[in-house]
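All remarks here apply to the structure that follows.
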Amino acid sequence: MPSQRDDCLFCSIVREGAYVRKADGFVAIKDINPKAEVHLLVIPEHHVDSFREVSEFSSRESKRMLEFVADTAREVGLTDYRVQVNVGPGGGQTVFHLHWHILGGGPHHESDMHATTAVAEL
Ligand code: 5GP
Ligand code: ZN
């Protein structure tokens, strides 16, 4: 059984949340506050606080985690997308259980919106 924390939001989502995909110790869920047309979070069942602790995963688990991200994106029909990991509060991390953002479709980012508006105004 991978390590879990009782007081961790993503540990409880992994245990009982609604997921898009689940396999091999990983789940993909829809972000509650999407920042792109498609915004998924890939969460390993094994709790580590952040990407800084990635060495707690075996090489095999690390490889499977990356493959799970790529397979999830493909399965939801994305060919072009961004993968993002925020590390620490200064890096924008707000939930301290390692997770990978998959962001596809757009433009949905505020900066992209501004860029689009600027072009439209030319
Ligand atoms: P971070 O800022 O830590 O990189 O990303 C945390 C993400 O988790 C945010 O994009 C936020 O919208 C999402 N989130 C926070 N609470 C919940 C929740 O209860 N359910 C889901 N599905 N996403 C959540
Ligand atoms: Zn956790």
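Just follow the structure's listing: the first ligand is 1, and inside any ligand the first atom is 1.
- Residue, atom and distance of the protein heavy atom nearest to atom 5 (O) of ligand 1 are His99 NE2, 2.9 Å.
- Vertex the Zn ion (ligand 2); arms to Cys8 SG and His47 ND1; angle rounded to 10 degrees, 110°.
- Between Phe26 and Phe68, the ring-plane angle classifies as tilted under the 30° and 60° cut-offs.
- At the top of the distance list for atom 24 (C) of ligand 1, counting protein heavy atoms only, stands Ile32 CG2, 3.4 Å.
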- Task: Could you walk me through whether Glu67 and Arg74 pass salt bridge (Lys or Arg N to Asp or Glu O under 4.0 Å), step by step?
- Result: CA-CA 10 Å; Glu67 287 171 347; Arg74 187 171 46 247; over 6 Å; no
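- Counting only heavy atoms from C-beta outward, the side chains of Arg15 and Cys11 approach each other to under 4.5 Å.
- At a threshold of 4.5 Å between non-hydrogen side-chain atoms, the residues Lys30 and His39 do not count as touching.
- Near Ile29, meaning under 4.0 Å from any of its heavy atoms, are these atoms of ligand 1: 21 (C), 22 (N).
- Numbered from 1 in the order shown, with element, the atoms of ligand 1 that lie under 4.0 Å from a heavy atom of Asn86 read 1 (P), 2 (O), 4 (O).
- Using a 30° and 60° split on the angle between ring planes, His97 and Phe10 fall in the perpendicular class, above 60°.
- Under the side-chain hydrogen bond (donor to acceptor under 3.5 Å, both in side chains) criterion, Asn86 pairs with Gln84, sequence neighbours left out.
- For atom 3 (O) of ligand 1, the closest heavy atom belonging to the protein is Thr94 N, 2.7 Å.
- Using a 4.0 angstrom heavy-atom cutoff, Phe96 does not count as in contact with ligand 1.
- His99 contributes atom NE2, which lies 6.0 Å from atom CD of Gln93 (distance to the nearest 0.5 angstrom).
- Residues Ile29 and Ile43 form a side-chain contact, since some pair of their non-hydrogen atoms from C-beta on lies under 4.5 Å apart.
- The contact set between ligand 1 and Phe10, taken as ligand atoms under 4.0 Å from a residue heavy atom, comprises 8 (O).
- Every atom of ligand 1 with a heavy atom of Asn33 under 4.0 Å away is listed here by number and element: 12 (O).
- With contacts defined as side-chain heavy-atom distances shorter than 4.5 Å, the pair Leu40/Val20 qualifies.
- Residue-ligand proximity, Ile13 to ligand 1, at heavy-atom distances under 4.0 Å covers atoms 18 (C), 19 (O), 20 (N).
- Between His97 atom ND1 and Cys11 atom SG, the angle centred on the Zn ion (ligand 2) amounts to 110° (nearest 10°).
- Note on ligand 1: Gln84 sits outside its first shell, no heavy atom being nearer than 4.0 Å.
- For a threshold of 3.5 Å applied to N or O pairs, the pair formed by Gly92 and ligand 1 contains at least one separation below that value.
- Looking only at distances, no side-chain donor or acceptor of Arg82 sits under 3.5 Å from a matching main-chain atom of Gly104.
- In terms of protein heavy atoms, atom 22 (N) of ligand 1 is closest to Lys30 O, 2.8 Å.
- Proximity of Val76 to Arg21: side-chain heavy atoms (C-beta onward) are nowhere separated by under 4.5 Å.
- Below 3.5 Å of separation, one finds an N or O of Asp31 facing an N or O of ligand 1.
- For ligand 1, none of its N or O atoms has an N or O atom of Leu9 under 3.5 Å away.
- In this structure, Val85 falls outside the shell of residues with a heavy atom less than 4.0 angstrom from ligand 1.
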